[in-house]
Protein chains: 2
Amino acid sequence: MKTNAPITLGYDERLPLYQRLREEMLAKIAAGEWTPGAPIPTEAELTRLYGVAIGTVRKAVDTLVNEGLLIRSQGRGTFVRRPNFDSSLARFFRQVNATGGREIPTSRILAKALQSPSRTVAAALELEHGEQVIHMERLRMVEGRTLFHEDIWLPASRFGALLEIDSERFGELLYPFYETQCGQCIASAKETLTVGAADSAMAKVLSVEEGAPMVMIERMALGYDRSPLEYRISRAAAEGFRYQIDIS
Amino acid sequence: MKTNAPITLGYDERLPLYQRLREEMLAKIAAGEWTPGAPIPTEAELTRLYGVAIGTVRKAVDTLVNEGLLIRSQGRGTFVRRPNFDSSLARFFRQVNATGGREIPTSRILAKALQSPSRTVAAALELEHGEQVIHMERLRMVEGRTLFHEDIWLPASRFGALLEIDSERFGELLYPFYETQCGQCIASAKETLTVGAADSAMAKVLSVEEGAPMVMIERMALGYDRSPLEYRISRAAAEGFRYQIDIS
DNA sequence: TAGTGGTCTAGACCACTTA
DNA sequence: AAGTGGTCTAGACCACTAT
């Protein structure tokens, strides 16, 4: 076939073409050349760019669509997917208002401060020695009832802009805020669920008896280049938590 | 192209060919014509059988492989997958012995009896009025320590053979036993996790304080035709439970 | 060596979106 | 009407498995 100066596909030459193409596309996303919400080049363009057949391009795109990194939309194009957190463990609490509809809890930020990190936090965020963090303490409530208590840590080097902004202006969702105010885009996260008993302070915050079962969700959120951006611990009364999975 | 009396692909004619082919293959699995462990027809045979191109066959098989129902093995064939329960919530307990290796807990069956089901159990197993169940109570232990308490219910109509067999001969894993002794093959399951506090009886069984946090896992297991085969409730002390998910 | 799935090509036509 | 992804075809050659 005719190859109009196609870009050489790097990486291991023994790998199948479509996998090497996949790696190239991953790199584009990680580097921010292809950004969430914007369309990537069309299949025909990719065919020309890399000098491979359309079927090979489609197979490479297929794998990334299956992994949830890209979304195809017939007639419009293929886009870098913005993660939604519908599968978050935190969604498996009863989050209903009086009329029975599910709703996003309202946020109240109790504290926001620049700190030296604990060892745990420094390790989670992979901080250099002496690097500082922004710590936030937040409540999430539905109709006056406290659903979660959250501790949030962010590397000060990337999120300094947050210190300048009044907490009142934060809104309910933090991640869009991180993106617009700090240019930091969350691409994925790992959550770990454990169960414990509420101590007296947390019992008061969550309005339960001391010693009542409590669910803890630890979240490590990463950017598209897989660098750690946010470390978060959420606590909630275990009552009303109901998590479901399918096995096959 | 030449079509040597291909089998007509049923279902909705507006659906893409590869999706109709996928439905046909699903039906073969559900009907037990293609059984776990045995190879399905080769791609060339499917091409002939259904009078479609090889690419279409591959796409149909691709979808079922992605969904975890089939497994391809180069040079050998494509097989119906036997589910493994590695993703079960029950695996997220510390199941380690003294030497630190993960191990399958040993089982002790405390009770086995033919019963009339409670309403909950009858509904879960979709039993006809008056149909009976086999109930088993089982402990799962690691090095003398009780990890789980399990209640298991099975429709007597399908699992009657179990009543004839001495509980001592059951072994550690029930599902292979169901398959060999009763011809019932588990294809998938749905698990639901909730958290509560141990009552006095369960506290004694699990060797924890009364009121200590306890994890409950409800499992509904289905056959390849999606009929309910087993209903199970497992209880365990919440300490040592640690469940992790990835979000993207 | 024969038969399997794995990779790759080159094109045709369709369905949908946007302008 | 032009451009996008979606479906489908027909074949070539390769890598791996069993015998």
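We name chains A, B, ... by the order of the sequence lines, and we start the count at 1 in each one. Treat the numbers as computed from the prediction; the structure is a model and nothing was measured.
For Thr56(A), whose side chain is taken as the heavy atoms from C-beta onward, the closest listed nucleotide among dG11(C), dG6(C), dC8(C) is dC8(C). Picking from dG5(C), dC8(C), dT4(D) the nucleotide with the shortest atom distance to the side chain of Pro16(A) gives dC8(C). Of the candidates dG11(D), dT4(C), dG6(D), dG11(D) carries the atom nearest the Ile54(B) side chain, counting heavy atoms from C-beta on. The side chain of Arg58(B) approaches dG6(C) more closely than any other nucleotide in the set dG6(C), dC8(C), dT7(D).
At whole-Å resolution of the value, CD in Glu43(A) and P in dT7(D) are 11 Å apart. Atom CG in Leu46(B) sits about 17 Å away from atom C1' in dT9(D), given to the nearest Å. At whole-Å resolution of the value, CG in Leu17(A) and P in dC14(D) are 14 Å apart. Between the C1' atom of dG5(D) and the NZ atom of Lys59(B) lies a distance of 10 Å, rounded to the nearest Å. As rounded to whole Å, 14 Å separates atom P of dG5(D) from atom CG of Leu64(A). Atom OH of Tyr18(B) and atom C1' of dG6(D) are 8 Å apart (whole Å). For the pair Arg22(B) CZ and dT7(D) C1', the computed distance is 16 Å after rounding to whole Å. In this entry the distance linking CD1 of Ile71(B) with C1' of dG6(C) reads 16 Å, nearest Å.
Looking only at distances, no side-chain donor or acceptor of Glu150(B) sits under 3.5 Å from a matching main-chain atom of Arg138(B). Between the side chain of Lys59(A) and the backbone N or O of Leu17(A) there is no donor-acceptor pair closer than 3.5 Å.
Side-chain N/O atoms of Glu191(B) and Ser88(B) include a donor and acceptor closer than 3.5 Å.
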Under the side chain to side chain contact (heavy atoms under 4.5 Å, CB included) rule, what do Ile217(A) and Val215(A) come out as? Steps first, then yes or no, please. CA-CA 7 Å; Ile217(A) 299 169; Val215(A) 166; 4.1 Å; yes
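Residue pairs meeting the side chain to side chain donor-acceptor pair (under 3.5 Å) criterion with at least one partner in residues 152-166 of chain A, sequence neighbours excluded, are Glu131(A)-Ser157(A), Arg158(A)-Gln184(A), Arg158(A)-Ser227(A).
For DNA chain C, the neighbouring residues in residues 73-81 of chain B, judged by any heavy atom under 4.0 Å, are Ser73(B), Gln74(B), Gly75(B), Gly77(B), Thr78(B).
A salt bridge between Asp151(A) and Arg232(A) is absent, with no side-chain N of the basic residue lying under 4.0 Å from a carboxylate O of the acidic one.
Partner of Phe92(B) under the ring pair (Phe, Tyr, Trp, His ring centres under 6.0 Å) criterion, out of Phe85(B), Tyr243(B), Phe241(B): Tyr243(B) alone.
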